[in-house]
Every structure is written in structure tokens, then in C-alpha cells.
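To start, the structure under review is shown below, and the notes come after it.
FYI, the numbering just counts along the sequence from 1.
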Amino acid sequence: MRSRRTAAVAVLLLAPLALAGCTSAKKGPSGGAGSGSGSGAVSQGTNPLQNPDGTKPGLAPVTADADKKAGRDLIAQVKTADPGPKTGYDRDQFGPAWTDNVDGVPMGHNNCGTRDDVLARDGKGVEHKDGSACVVTAMTIWDPYTGKTVQWSKQQPSKIQIDHVMPLSYDWQQGASQWDKAKRVQIANDPLNLIPADGSQNASKGDAGPATWLPANTEIRCSYAIRWAQVSLKYQLPVTPADKKTMLALCGG
């Protein structure tokens, strides 16, 4: 009887340790802890230097000195030009909003609209409309522009909006007015140029460049400048001299 009682006590003591050994953190797509459909912190995005095509989630802060230098080196390659006239600009010049009918960019022709693609890219615990593998109806998302985690649903659609990092009107004035329609549709739907962010931040930005508007979250500003440079270089669009100066300063230049 004594040996049986001793064995029972040992089992009770070991059980919590065994359970603890079976617990693991769920990882987000960028390798950080992510909430997925369960609990845990929402991933705070991806370092833009490690996400040159924009297919990974979000926009993480750039804090390491080596990364800031790499960011400055990238920004240094951006050409500058004074803006041209806004004459003739119209959103329709960049194709139907969030069209999937776009060539030459990731996620094009995947049978989902661009807006839903980038919401699903950055969101956690993503819910879809019944019967649809595309239409996002709810999610949890970390907004890089405010540094806050947001519970979003289609009942409050404007709470999270999709920001064109290089605004389309800005693109038009910097040279896109001379492009063919297909290239304008590309930059309007390229995930590299799209960040889901706080609606009021997106509205206050308008078509401003970094010299006149920056995200409220100061920790993200170097990343934001790097993303501007990535889009500018991909599409060979110059930025204004003031914007380039600001972009370099944001990464310590």
C-alpha cells in the first residue's frame, strides 16, 4: 500500500510539468508571436529590408544601426524632381479600385480583390464572408501608423483603411501621368505600396510626402521612409528634394 501511495504522489507532481512541456507559442508569419485564431500578441509586421516585394505582413520598426544604414543607402539611390502639375489626375486613371485584374505584381490574378489580399496579409484571426475564401469580414491587426492593435470588422469599415504609401496623386505629379494605364494599375495594386492603417491617419495624409506628413508612431518612421524608397526605386519615380532629405533624416542621415 505504501509503494502505491508513493507512486500516486509522484504522478501528481509530474503532471503539471508534462502539461507545461506541451505548451508552445503560436508563431506569426514573420516569425514573431502571432495571435492567429487563438490568444497571444499580434505580430508587429516585418522589417521592410526583409520584405522587398511587400508580400510579408505589415511594417515593423527599424531600430538596429546596421539596418538604418542600409535604409539610408537605399534612400540615397532615389532620384529627385520637383512635382509636375496635378492637371488631369483622377483615381480612375489608375484603374478600378482594388482590381484583381493586374499583371506583374504579387497577388494579381489570384481571384481575390487587392484590398482583401492585404487585409488577409496583415491581419490575425481573419474571418471571411460565408461562402467566400476572399472577402475579409473581421480580424485583429497591428496598425503601424499608430502602434496600436485594432479589432476590425466590416461593421466599422473606415476604422482600418488601405494606405498607398506613395499616394496615387503624388505618383501622377512625379511622372505616372506619362505612363500607360497598365503600369498605373500596377502601382495602385502592388502590395509593396499598400499598408492597412488607421483610417484617420490615412485621411490626414492625403497625397502628402514625408516632408509634410508622417505616421503618428515615431518608431515606424524609418521603416516608412524605407518603404517609400522601395516603391520609388521599383517604379523609377522620383521624390521631391524635400521628401528625400526627410527620408534620410528619418533613418539617421
Side-chain angles (χ1 to χ4, degrees), residues 27-35 41-75 78 105-107 114-124 126 136 139-150 152 159-168 170-171 187-205 208-210 213-235 239 243 246-252:
K27 297 294 182 182
S30 61
S35 67
V42 176
S43 171
Q44 294 188 359
T46 311
N47 181 328
L49 295 167
Q50 299 168 2
N51 188 21
D53 63 1
T55 57
K56 296 177 183 177
L59 196 62
V62 167
T63 56
D65 288 341
D67 283 348
K68 288 183 178 181
K69 182 182 183 304
R72 293 195 301 273
D73 290 344
L74 190 73
I75 295 165
V78 173
V105 298
M107 304 180 188
T114 305
R115 184 175 188 278
D116 289 312
D117 279 334
V118 295
L119 290 175
R121 179 195 68 184
D122 290 13
K124 294 292 184 181
V126 174
V136 177
M139 63 179 179
T140 302
I141 190 169
W142 184 75
D143 165 33
Y145 289 4
T146 61
K148 297 177 181 179
T149 298
V150 178
W152 177 88
K159 194 172 182 179
I160 290 291
Q161 298 177 9
I162 310 299
D163 177 44
H164 285 96
V165 177
M166 284 191 76
L168 302 184
Y170 187 103
D171 300 339
I187 199 170
N189 293 278
D190 191 334
L192 184 66
N193 195 30
L194 300 173
I195 297 290
D198 174 79
S200 62
Q201 286 278 290
N202 186 49
S204 68
K205 174 180 174 178
W213 186 92
L214 290 169
N217 180 13
T218 57
E219 294 181 357
I220 210 70
R221 289 180 176 178
C222 177
S223 298
Y224 181 73
I226 291 170
R227 179 52 54 84
W228 260 81
Q230 289 173 322
V231 178
S232 169
L233 292 169
K234 178 175 180 177
Y235 287 92
V239 303
D243 285 335
T246 298
M247 290 160 66
L248 286 167
L250 291 171
C251 291

Quick check against the 3.5 Å criterion: does [X] have a side-chain atom that pairs as donor or acceptor with the backbone of [Y]?
X    : Y    : result
D143 : K148 : no
W152 : K159 : no
R227 : L59  : no
Q230 : P48  : yes
H164 : A188 : yes
T149 : W142 : no
T46  : N51  : no
R115 : Q161 : no

Return the minimal non-hydrogen interatomic distance between [X] and [Y], and the atom names on each side.
X   : Y    : result
P52 : L49  : CD-O, 4.3 Å
T55 : P106 : CG2-CB, 3.5 Å
G54 : P191 : O-CB, 3.5 Å
I75 : A225 : CD1-CB, 4.0 Å

Could you tell me the separation between the [atom1] atom of [X] and the [atom2] atom of [Y], rounded to the nearest 0.5 Å?
X    : Y    : atom1 : atom2 : answer
L214 : M247 : CG    : CE    : 10.5 Å
T63  : K68  : OG1   : NZ    : 7.0 Å
D122 : K56  : CG    : NZ    : 13.5 Å
C251 : Y224 : SG    : OH    : 13.0 Å
R121 : I195 : CZ    : CD1   : 5.0 Å
D67  : Q50  : CG    : CD    : 6.5 Å

Legend entry - Note: D65-K69 ion pair, threshold 4.0 Å (strictly below): no
Legend entry - Side chains of D117 and T114, donor plus acceptor under 3.5 Å: no
Validation row: [X], [Y] side chains within 4.5 angstrom (heavy atoms):
X    : Y    : value
I160 : V150 : yes
D243 : Y170 : yes
D53  : L192 : no
P196 : I141 : yes
K205 : D163 : yes
I187 : D171 : yes

Inset, instruction - State which residues pass side chain to side chain donor-acceptor pair (under 3.5 Å) with D198; sequence neighbours excluded, sorted by chain then number. - result: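 D198 satisfies side chain to side chain donor-acceptor pair (under 3.5 Å) with S200 only.
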Inset, instruction - May I have the step-by-step check of side-chain hydrogen bond (donor to acceptor under 3.5 Å, both in side chains) for Y145 and N202, ending in yes or no? - result: CA-CA 9 Å; Y145 289 4; N202 186 49; over 6 Å; no
Inset, instruction - Would you check, one step at a time, whether the test side-chain hydrogen bond (donor to acceptor under 3.5 Å, both in side chains) holds for Y235 with D190? - result: CA-CA 11 Å; Y235 287 92; D190 191 334; 2.7 Å; yes
Legend entry - Test log, rule side chain to side chain contact (heavy atoms under 4.5 Å, CB included), inputs L194 and V165: CA-CA 6 Å; L194 300 173; V165 177; over 6 Å; no
Inset, instruction - Just jot down the side-chain contact (heavy atoms from CB on, under 4.5 Å) partners of A208, sequence neighbours excluded, or say none. - result: T212, W213
Inset, instruction - Apply side-chain contact (heavy atoms from CB on, under 4.5 Å) to D116 and list each qualifying residue two or more places apart in sequence or on a separate chain. - result: L119, V135, V136
Inset, instruction - List the steps, then state whether side chain to side chain contact (heavy atoms under 4.5 Å, CB included) holds for N217 with T146. - result: CA-CA 5 Å; N217 180 13; T146 61; 5.6 Å; no
